[in-house]
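Chain A is the first sequence line, chain B the second, and so forth, proteins listed ahead of strands; every chain is numbered from 1.
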Amino acid sequence: MRLALYNTLSRSKEPFTPLDADRVTMYVCGPTVYNRVHIGNARPAVVFDTLFRVLQSQYPNVVYARNITDIDDKIMKTAAELGEDITELSQRYAQAYFEDMEALNCLDPNIIPYATQHIPEMIDMIERLIAKGHAYTAEGNVLFAVQSMANYGELSGRSLDDMLAGARVEIASYKKYAGDFVLWKPSADNEPGWDSPWGRGRPGWHLECSAMIEKHLGDTIDIHGGGQDLIFPHHENEIAQSCCAHDGQPFAKYWLHNGFINIEGEKMSKSLGNFRMVNDLLDQYPGEVLRYVILSAHYRSEQNFGKDLLDSAWRSLDSLYGYLRGQGDGVPTLNKEGAGYAALLDDLNTPVAVSEIYRLAKEMHGASGDHKAQLRDQLLGLANLMGLLQQDPEQWFKQARGGDGDSISEAEIEALIAKRQQAKADKDYAGADQVRQDLLAMGVVLEDSREGTTWRRS
RNA sequence: GGCGCCGUAGCAAAGUGGUAAUGCAGUGGACUGCAACUCCGCCAUCGUCGGUUCGAUUCCGACCGGCGCCUCCA
């Protein structure tokens with residue numbers, strides 16, 4: 001069974017063949033750190049984290065880089081509003097991003113490059129582009145001349161004329177051609193800037209990814225990922241920069257793009273004020289619930305986030321943890337012959353892989369002995385590949401729900417359970433039921449079994 | 001205007017040219033002192049209209065409906 005991925009470049013699913021099986025390279029566009037990240041930022045992180053895990057199951061050495069954009073006009077604007085240094089601001093939000101991603105069970109990428117730490121590399125790339133006739137200077141700016149590249153627009157499937165026909169933005173007068181984009185732009189004295197051959201300034205947005213990929217991963221990489229909205233112009237321009245700087249060598253072999261997340265049927269936007277920050281959602285839901293929601297849909301489809309979906313996902317995970325409860329720790333073991341793994345290899349079909357977890361859970365439930373333990377390990381192995389079921393089942397059910405900090409303590413719960421046991425022993429069912437009702441009112445559900453009574457928060 | 005996507009049960013979501021996985025919710029039953037958990041069962045004809053085909057939800061066309069990008073938004 002081989003990995004197949006949908007390549008935006010060819011608009012079709014292709015078998016994945018790395019350039020070098022001993023060093024598989026993947027780059028994913030990370031966040032611009034000027035605020036807490038929203039759930040839309042979490043989708044590519046979770047999706048490509050899952051791909052990272054799958055790749056690691058197939059190849060011994062996978063190098064995954066995800067950048068931090070820490071110089072950008074939005075950062076400058078926010079920093080100015082807060083009266084804060086841009087470095088402090090971006091550091092703070094980068095740290096917050098890492099915490100959010102950790103809560104979503106995302107593994108750390110191997111490389112986390114920062115834009116501001118690669119200014120010399122960017123300047124070097126610009127100089128090469130100018131030397132090769134792909135870029136020019138104008139009024140302190142350096143611009144990429146898209147007409148100098150024969151197949152510009154290949155990724156997004158747009159012709160230059162088409163793009164300009166629908167342009168809804170004013171064209172800067174200094175551009176030789178309306179579609180040209182900025183590689184370097186001048187900074188005012190009160191703006192952050194770096195010295196360069198073209199004066200003090202800062203890099204254009206697209207340039208950082210090209211420069212950092214070149215430095216850390218090489219001229220041509222295997223996989224480049226990001227959100228669908230980045231196809232144009234961001235990724236198109238990355239291709240232009242890198243291909244032209246490398247005399248036409250391919251930039252990325254496979255381009256993968258995740259779909260958008262909407263909120264209650266509407267796009268997240270500032271005007272609607274409906275951003276859902278990961279951090280806020282984590283106050284209400286375990287990170288794994290957010291991850292489960294993201295993986296319950298195929299990564300390329302549009303996904304609609306809402307309270308009902310999150311609540312439903314939580315109950316779904318309860319069900320899975322319920323099967324695992326009392327089954328021992330287990331040793332996650334990936335069954336490479338299993339249907340779940342096959343689904344993941346088939347362009348990351350996580351919904352099918354998740355359904356396979358349920359199938360394994362039920363089969364495990366009905367099995368016994370070594371076979372049961374084996375199924376448990378396979379279930380955990382498959383879940384591991386998706387970053388799910390990473391918690392201890394007992395802890396899962398005892399975690400606080402809904403962000404209520406004033407819930408009853410575990411000791412008090414245990415005491416009440418003991419009291420109820422006594423009532424049951426005395427055949428005082430009314431009393432026993434009263435205890436159960438009281439606990440339920442405090443968000444604790446009791447479950448009796450032959451071995452005794454267990455509880456969970458609901 | 002250009003490029004592209006989507007429309008499957010109450011909700012979510014896979015999938016296939018031969019009558020549709022899975023989860024949540026609902027519902028009937030078993031289990032239980034009663035519940036919860038668990039188990040057994042039930043719960044869709046795949047936007048509309050045509051075409052191709054022995055046969056289409058799956059291919060083609062039209063239409064209706066929803067949406068994205070073309071603006072340094074994941």
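- Between the side chains of Tyr97(A) and Asn41(A), no donor-acceptor pair is found at a separation under 3.5 Å.
- Note on Ser319(A): only backbone sugar-phosphate atoms sit closer than 4.0 angstrom, heavy atoms only; bases stay farther off.
- Remark: ring of Phe260(A) stacked against base of rA74(B); centroid gap under 5.5 Å, plane tilt under 30°.
- Residue Leu388(A) contributes atom CG, which lies 15 Å from atom P of rG23(B) at whole-angstrom precision.
- If you check every strand for non-hydrogen atoms under 4.0 Å, His257(A) touches nothing.
- Separating the P atom of rG68(B) from that of rG50(B) is a span of 32 Å, rounded to the nearest Å.
- Atom pair Tyr27(A):OH and rA74(B):P shows a separation of 13 Å (rounding to whole Å applied).
- Across every strand in view, rA12(B) sits in a pair with rU22(B) that passes the Watson-Crick or G-U test at under 3.5 angstrom.
- For the pair Ile239(A) and Glu154(A), the minimum side-chain heavy-atom distance is 4.5 Å or more.
- Put simply, the residue from Asp347(A), Thr50(A), Asn349(A), Thr350(A) that forms a side chain to side chain donor-acceptor pair (under 3.5 Å) with Tyr299(A) is Asp347(A).
- Side-chain polar atoms of Asp311(A) and Tyr285(A) form a donor-acceptor pair below 3.5 angstrom.
- Taking a pair to require two hydrogen-bonding distances under 3.5 Å in either a Watson-Crick or a G-U wobble arrangement, rU58(B) remains unpaired.
- rA20(B) and rA56(B) have their C1' atoms separated by 13 Å, given to the nearest Å.
- Side-chain contact of Asp280(A) with Gln284(A): a donor-acceptor pair under 3.5 Å is absent, judged by distance alone.
- Here rU32(B) presents its C1' atom at 9 Å from NZ of Lys424(A), a figure rounded to the nearest Å.
- Considering only the side chain of Asn258(A), rA74(B) comes nearest among rU22(B), rA74(B), rA36(B).
- The aromatic rings of Trp205(A) and His234(A) sit parallel, their planes meeting at an angle under 30°, below the 60° perpendicular limit.
- Look at rG1(B): its Watson-Crick or wobble partner, with both distances under 3.5 angstrom, is rC70(B).
- Using N1 to N3 plus N6-O4 or O6-N4 for Watson-Crick, or N1-O2 and O6-N3 for G-U wobble, each under 3.5 Å, rA36(B) pairs with nothing.
- Nucleic acid contact for Leu446(A): base, since at least one base atom lies under 4.0 Å from a heavy atom of the residue.
- Across all strands, Arg456(A) comes closer than 4.0 Å only to sugar-phosphate atoms, never to a base (heavy-atom distances).
- Residue Gln437(A) contributes atom CD, which lies 18 Å from atom P of rG33(B) at whole-angstrom precision.
- If you check every strand for non-hydrogen atoms under 4.0 Å, Leu440(A) touches nothing.
- Looking at heavy-atom distances under 4.0 Å, Gly227(A) makes contact with sugar-phosphate atoms alone, never a base.
- Of the possible donor and acceptor atoms, one in the side chain of Asp392(A) sits under 3.5 Å from a partner among the backbone N and O of Gln395(A).
- For the P atoms, the distance from rA35(B) to rC46(B) is 40 Å, rounded to whole Å.
- Taking atom CH2 of Trp455(A) as the reference point, atom C1' of rA36(B) lies 15 Å away to the nearest angstrom.
- The nucleotide whose nearest atom lies closest to any side-chain atom of Arg420(A) is, among rG33(B), rC37(B), rG23(B), rG33(B).
- As rounded to the nearest Å, rA21(B) and rG33(B) have P atoms that lie 37 Å from one another.
- rG7(B) sits 10 Å from rA13(B) when the P atoms are compared, rounded to a whole Å.
- Checking rA35(B), rA74(B), rC70(B) against the side-chain heavy atoms of Arg436(A) singles out rA35(B) as nearest.
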- Expected string for nucleotides 6-16 of chain B under the B/S/- scheme (protein heavy atoms, under 4.0 Å, primed atoms plus P, OP1, OP2 as sugar-phosphate) is ------SSSS-
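- Nearest to the side chain of Asp433(A), among rA74(B), rG33(B), rU38(B), sits rG33(B).
- The base-pairing partner of rU27(B), taking Watson-Crick or G-U wobble contacts with both distances under 3.5 Å, is rG41(B).
- A donor and an acceptor atom, one from each side chain of Asn141(A) and Trp198(A), are nowhere located under 3.5 Å apart.
- Between Leu309(A) and Asn304(A), the closest side-chain pair of non-hydrogen atoms is not below 4.5 Å.
- Summarising the geometry, the separation between CZ on Arg43(A) and P on rC73(B) is reported as 18 Å, rounded to the nearest angstrom.
- Between the C1' atoms of rU52(B) and rG18(B), the separation comes to 16 Å (whole Å).
- Residue order along RNA chain B, read from the 5' end via each residue's closest nucleotide, puts Tyr429(A) first among Tyr429(A) and Cys29(A).
- OP1 or OP2 of rG23(B) has not a single side-chain nitrogen or oxygen of Arg315(A) nearer than 4.0 Å.
- Although no hydrogens or angles enter the test, the distance criterion places a donor-acceptor pair under 3.5 Å between the side chain of Arg376(A) and the main chain of Gln327(A).
- If you check every strand for non-hydrogen atoms under 4.0 Å, Lys362(A) touches sugar and phosphate atoms only.
- Rounded to a whole angstrom, the distance from the P atom of rC11(B) to that of rG4(B) is 31 Å.
- Nucleotides rA74(B) and rC59(B) place their C1' atoms 34 Å apart, quoted to the nearest Å.
- As judged by a 4.0 angstrom heavy-atom cut-off over every strand, Asp73(A) is placed among residues making no nucleic acid contact.
- Comparing rG23(B), rA36(B), rA74(B) against the side chain of Ser316(A) picks out rG23(B) as the nearest.
- When both distances must be under 3.5 Å, the Watson-Crick or G-U wobble mate of rU52(B) does not exist.
- Leu155(A) places its CG atom 14 Å from the P atom of rC70(B), with the value rounded to the nearest Å.
- For Arg450(A) and rA35(B), the CZ to P distance is 19 Å, given to the nearest whole Å.
- Nucleic acid contact for Tyr323(A): sugar-phosphate only, since backbone atoms but no base atoms lie under 4.0 Å from a heavy atom of the residue.
- In summary, the side chains of Tyr64(A) and Asp49(A) do not present any donor paired with an acceptor at a separation below 3.5 Å, with no hydrogens or angles considered.
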